[in-house]
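Note sheet for the following structure.
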Amino acid sequence: LVDRDAFMHGTFQNDFAWGAATSAYQIEGGWNEDGKGPSIWDVYSHDGRIVNNQTGDVACDSYHKYKQDVQMLKSLGVSHYRFSLSWSRIMADGTLATVNQKGIDYYNNLINELLANNIEPMVTLYHWDLPQGLQDKGGFKDEAFIEYFNDYARLCFSMFGDRVKLWITFNEPFVVSWLGHGIGVMAPGISEPGSTVYTVTHNIIRAHVKAYHTYNDHFRSHFNGKVGITLDCDWKEPREDTLWDRAAAERALQFKLGWFANPIFGNGDYPAVMKRMIKSKSMKQGLSTSRLPEFTDEEIRQNKGAADFIGINHYTTNLVSQKEQSVDEPHYERDQDIDVSYSSCWRESQSGWLRGNPWGIRRLLKWVKDRYNSPEIYVTENGFSDDGTSLEDNDRIWYYNGYINEMLKANKEDGVNVKGYMAWSLMDNFEWGSGFTQHFGIFHVDFDTMNRTRTPKKSATTYTQIIKDNGFPYK
Ligand code: GBH
């Protein structure tokens, strides 16, 4: 199950963080219990937008079974658990007017249970489940969002910051902007691919930066934690080794990762190539200004360095080639003048967008190191889907061995400052638009019984061994 020729032996540094990840809407259930308000995912799924009309109303029932989850984590031997907070469980309509003590109690209980079992929490504030109350006020499109998010972040820092030392503001803001507001295949289901997508990102970056400074100014000195942001990126490999395709692949990385990373980890502003191309396309479309918003000088100063680490979610590789796109319709994808495809050599999963190509993670991590001056990196998600019919999940075992080994090479041979790795996912869960048809879990969950019985798959044994060995030492 491993490619012995390409395999590297060695271990990570002693304090390497090993963990597993989940998110609130995907596992908790209890969608309207104990004062929780509705989120955009409750509304979207109840609206019949998910495969087979499925919803996260019960999901893995972790709202009631969190102690079992902690025991599963303990059996894996992880040092960390990455989970997210449901904003509308903590503030029913998303504002300080509706703080919900029972929601706060739930997370206090979870955090305390983790710490009692020697597992450190890594907490994501926002993993896609905006309170519907804020969506009704304009959601991400309105810059009022920045203040609402800051209120929420401040409340969480003050309630949990004595015990939570690793914070992630946003999970994959790209998905919020592009899939949520560009093509509308995720909640809130808005399809405005030409400019809303850029305004939404602009507001998310400013919200992240504001929350980061709130932590710095009011909490860092006594809590001494770290605040980062998690960005998703596939590796973008030139389809052919030509100057055109190499430039196209670099552009694809700048439009996907650089869009968010350059303001925070680079020079404080959007990537030059994005500014240039979106402006030129906007002019051809007869607009008087670029569809890409501008940061003020003061914002650029605030953006720069506004994170203690970068979280990277990485799953797959794309092939990219140069392709001039028409300007008929303002459109984030067409702004890039690229064409994207997959290689049939890469191992297929249960998800159309995901093919296993282990060396992609090494190249991506090296790219992040080189572009952003060697930041601290946590791989906050990485994993493989199948149809969930077998506990003998050999493809997942192949995937984890291969990707974690390539991450070791990035660390040892390329000097990438990778501090930790969170496997996606601790258990099978609600896979967004695909409902319960794609399984990423190291633990199987039986969604056909009320008990939501959890059973370790074969990959649990593999991952436990990698953690115990802290990598792949000679034996
Ligand atoms: C992660 O996103 C998420 O953070 C996590 O919640 C999720 O469970 C996990 O991936 C597995 O999917 O529906 O064809 O338009 C990874 C990046 C972005 C990849 C959205 C899939 C949807 C493709 N994902 N994309 S499609």
Side-chain angles (χ1 to χ4, degrees), residues 18-31 41 50 54-86 106-107 109-111 113-114 117 119-124 127-129 171 313 315 349-351 354 379-397 399-400 421-432 434-467:
W18 290 105
T22 61
S23 88
Y25 187 69
Q26 294 179 273
I27 67 162
E28 282 180 2
W31 75 278
W41 270 94
I50 314 301
Q54 288 165 337
T55 73
D57 289 1
V58 180
C60 306
D61 199 23
S62 288
Y63 187 61
H64 300 107
K65 300 194 186 318
Y66 70 91
K67 287 191 179 171
Q68 276 186 36
D69 296 348
V70 174
Q71 287 315 304
M72 284 145 64
L73 290 156
K74 199 176 171 186
S75 76
L76 291 173
V78 296
S79 58
H80 288 69
Y81 178 40
R82 174 174 179 245
F83 62 95
S84 80
L85 307 179
S86 158
Y106 171 66
Y107 293 113
N109 292 339
L110 171 58
I111 291 165
E113 183 76 7
L114 287 165
N117 286 278
I119 300 166
E120 292 282 326
M122 177 184 237
V123 174
T124 309
H127 199 126
W128 307 354
D129 46 355
N171 177 70
N313 288 357
Y315 289 86
S349 71
Q350 183 71 9
S351 314
L354 200 182
V379 174
T380 41
E381 283 179 30
N382 176 241
F384 196 74
S385 63
D386 58 25
D387 63 7
T389 50
S390 173
L391 293 174
E392 299 266 310
D393 53 342
N394 290 328
D395 286 339
R396 183 167 295 105
I397 292 173
Y399 185 97
Y400 280 131
Y421 176 91
M422 308 291 135
W424 185 272
S425 175
L426 174 62
M427 59 190 148
D428 295 340
N429 57 49
F430 178 84
E431 179 53 23
W432 307 112
S434 305
F436 299 98
T437 61
Q438 300 178 5
H439 298 241
F440 282 83
I442 295 175
F443 280 77
H444 173 270
V445 177
D446 181 359
F447 293 105
D448 294 331
T449 62
M450 264 322 285
N451 202 29
R452 296 298 193 272
T453 309
R454 286 107 156 104
T455 313
K457 301 180 191 175
K458 196 168 146 195
S459 60
T461 313
T462 306
Y463 192 42
T464 304
Q465 191 62 47
I466 294 173
I467 295 171

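As the structure is a computational prediction, the values presented were derived from the model and not from experiment.
With hydrogens and angles disregarded, no donor-acceptor distance shorter than 3.5 Å links the side chain of Arg82 to the backbone of Glu381. With hydrogens and angles ignored, the 3.5 Å screen pairs no side-chain donor or acceptor of Asp129 with any backbone N or O of Trp41. Remark: side-chain polar atoms of His439 are paired, donor with acceptor, to backbone N or O of Phe436 under 3.5 angstrom. Between the side chain of Ser349 and the backbone N or O of Leu354, at least one donor-acceptor pair lies under 3.5 Å. Side-chain atoms of Lys67 never come within 3.5 Å of backbone atoms of Glu113 as a donor-acceptor pair (strictly under, hydrogens ignored). Between the Arg452 side chain and the Ala59 main chain, a donor and an acceptor come within less than 3.5 Å of each other. Checking side-chain atoms of Tyr107 against main-chain N and O of Ser86 turns up a donor-acceptor pair under 3.5 Å. Under a 3.5 Å cut-off, the side chain of Trp128 and the backbone N or O of Asn171 do form a donor-acceptor pair. Checked by atom type and distance alone, the side chain of Asn451 never pairs as donor or acceptor with a backbone atom of Thr453 at under 3.5 Å. Looking only at distances, a side-chain donor or acceptor of Ser385 sits under 3.5 Å from a matching main-chain atom of Ser351.
Expressed to the nearest 0.5 Å, how far CE of Met72 lies from CZ of Arg454 amounts to 5.5 Å. For the atom pair OG (Ser84) and NE2 (His127), the distance works out to 6.0 Å, reported to the nearest 0.5 Å. Atoms CZ and OH, on Phe440 and Tyr399 in that order, are 8.0 Å from each other to the nearest 0.5 Å. The structure places CD1 of Ile119 at 8.0 Å from CD of Gln71, a figure rounded to the nearest 0.5 Å. Once rounded to the nearest 0.5 Å, the distance linking CG of Asp395 with CG of Asp386 reads 7.0 Å. Rounding to the nearest 0.5 Å gives a distance of 7.5 Å between SG of Cys60 and CG of Asp69.
Considering every non-hydrogen atom in both Tyr315 and Gly383, the closest pair reads CD2-O, 3.1 Å. Across Asp393 and Ser459, no two heavy atoms sit closer than the pair OD2-OG, 2.5 Å.
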Discussion item. Assess the residue pair Leu73 and Leu426 against the criterion (side chain to side chain contact (heavy atoms under 4.5 Å, CB included)); give the C-alpha distance rounded to whole Å, side-chain angles, the decisive distance to 0.1 Å, and a yes or no.
Written reply: CA-CA 8 Å; Leu73 290 156; Leu426 174 62; 3.8 Å; yes
Fill in: Evaluation steps, side chain to side chain contact (heavy atoms under 4.5 Å, CB included), between Ile27 and Tyr66
CA-CA 10 Å; Ile27 67 162; Tyr66 70 91; over 6 Å; no
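You'll find the side chain of Val70 stays beyond 4.5 Å of the side chain of Tyr81, heavy atoms only. Under the 4.5 Å side-chain criterion, counting only non-hydrogen atoms from C-beta, Trp432 is in contact with Gln26. Two residues are said to be in side-chain contact when any heavy atoms from C-beta on lie closer than 4.5 Å; Val123 and Phe83 meet this criterion. At a threshold of 4.5 Å between non-hydrogen side-chain atoms, the residues Lys457 and Asp428 count as touching.
Residues passing the side chain to side chain contact (heavy atoms under 4.5 Å, CB included) test with Ile467 are Trp18, Val78, Tyr463, sequence neighbours excluded. Residues passing the side chain to side chain contact (heavy atoms under 4.5 Å, CB included) test with Ser434 are Glu431, Thr437, Gln438, sequence neighbours excluded.
Using cut-offs of 30° and 60° for the angle between ring planes, the Tyr25 and Phe430 rings count as perpendicular.
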